[in-house]
Amino acid sequence: MANTHNVSEFIFLGLSPNQGVQRVCFVIFLLLYTAIVLGNFLIVLTVMSSRSLGSPMYFFLSYLSFVEIFYSSTTVPKLISDLLAERKAISLWGCMTQLFFMHFFAGTEIFLLTMMAYDRYVAICKPLNYTTIMNRQVCAVLVGTAWVGGFVHSISQVLLIFHLPFCGPNVIDHYFCDVLPLLKLACSDTFRIGLLIVANGGTLSVISFVVLLASYVVILLHLRNRSSEGRRKALSTCGSHVTVVILFFGPCVFIYLRPSATLTVDKMVAVFYTVVTPLLNPVIYSLRNAEVKKAMKRLWIRTMKLDEK
């Protein structure tokens, strides 16, 4: 690899060359990242400490929030530190590590969102068999499958990129290491590799998104025979999940399901799926779910009582 990797580090151009803009962005992204970690950690803590949130839906939700913390942590802390740095550098191995963990957690999240849709399908369309079908063992296997699926997706992306020769330019017009900006720096023909990357990342996103849409079409058709109150409750629980799916999959499909070229708007889209979406997930699930809000309130009351003692 020493003969093909003449580049030992990469330089990020970041979000903006303007120092004043960078300082403002530093404060904004520091606050946003703090909110991401605290918000998602609060959901994990609430689900783990509340007996009323013991259903598989909240089991998957806690893992989703857990993944969101680490997913945003692969890129946002580096972005925040670089906003105050004159030279925004990352080593070759650091770049590959960031690339691996970003796609690992993103792939895991895709599988988790798909499994949450399946959980809603079973709960609404087969309520009498719900506890039998979605038992603890099945939920554990599904979560384990999500982790394995995320790993396979990520290691495939990293291996495709790592075997490319980097022998000259090392400036990345982005704020983190991703497949498309790195393809642009490789000193070889990347057409086939680009197609494989699109097949891996883009196809995973599209297939999962189609499965999600199909499951909710079936759910909507099944709800036609329910009462208006039953439909309202079912749609309320599904609404949060559908919103999160659209927020996550929309930018991913835009970035990865197209020819291997970088666009000016890519950085803004990346900010959306690495910062905004992880931030909105706890807000969406807590504000739209009465049970989660009640459990958070009980957790807050217990915490206050412990502080008084």
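We count residues from 1, following the sequence as given. Any value given below was found using the heavy atoms of this structure, including those in side chains, with hydrogens, waters and symmetry copies removed.
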Euclidean distance, [Y] [atom2] relative to [X] [atom1], rounded to 0.5 Å:
X      : Y      : atom1 : atom2 : answer
Leu142 : Asp119 : CG    : CG    : 9.0 Å
Phe176 : Lys78  : CZ    : NZ    : 13.5 Å
Ile219 : Tyr121 : CD1   : OH    : 9.0 Å

Main chain of [Y], side chain of [X]: is a donor-acceptor contact present, judged purely on distance under 3.5 Å?
X      : Y      : value
Tyr58  : Thr46  : no
Ser154 : Phe100 : yes
Asp82  : Ala85  : no
His163 : Leu159 : yes
Ser50  : Val47  : no
Lys267 : Gly14  : yes
Asn135 : Gln137 : yes
Ser65  : Ser62  : no

Hydrophobic cluster membership, Val141 vs Tyr130, 4.5 Å side-chain cutoff: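 Unlinked, Val141 and Tyr130 end up in two clusters.
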
Shared hydrophobic cluster, Leu45 / Tyr63 (ILVMFWY, side-chain heavy atoms < 4.5 Å): yes

Cut-off 3.5 Å, no hydrogens considered: what does the side-chain donor-acceptor table look like for residues 20-43, sequence neighbours left out?
| from | atom 1 | to | atom 2 | distance (Å) |
| --- | --- | --- | --- | --- |
| Gln22 | OE1 | Lys88 | NZ | 3.2 |
| Gln22 | NE2 | Ser16 | O | 2.9 |
| Tyr33 | OH | Ser73 | OG | 2.7 |
| Thr34 | OG1 | Leu30 | O | 2.8 |
| Asn40 | ND2 | Ile36 | O | 2.9 |
| Asn40 | ND2 | Pro278 | O | 3.1 |

Only distances under 3.5 Å count here; give the side-chain donor-acceptor pairs of residues 105-117 to other protein atoms, sequence neighbours excluded, each with its distance to 0.1 Å.
| from | atom 1 | to | atom 2 | distance (Å) |
| --- | --- | --- | --- | --- |
| Thr108 | OG1 | Phe104 | O | 2.7 |
| Thr114 | OG1 | Ile110 | O | 2.9 |

Apart from Leu221 itself, members of its ILVMFWY cluster (side-chain separation under 4.5 Å) are Val217

Has Phe272 got more than 12 heavy atoms of other residues, nucleotides or ligands less than 6.0 Å from its CZ?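 Yes, CZ of Phe272 has more than 12 neighbouring heavy atoms, counting only those of other groups under 6.0 Å.
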
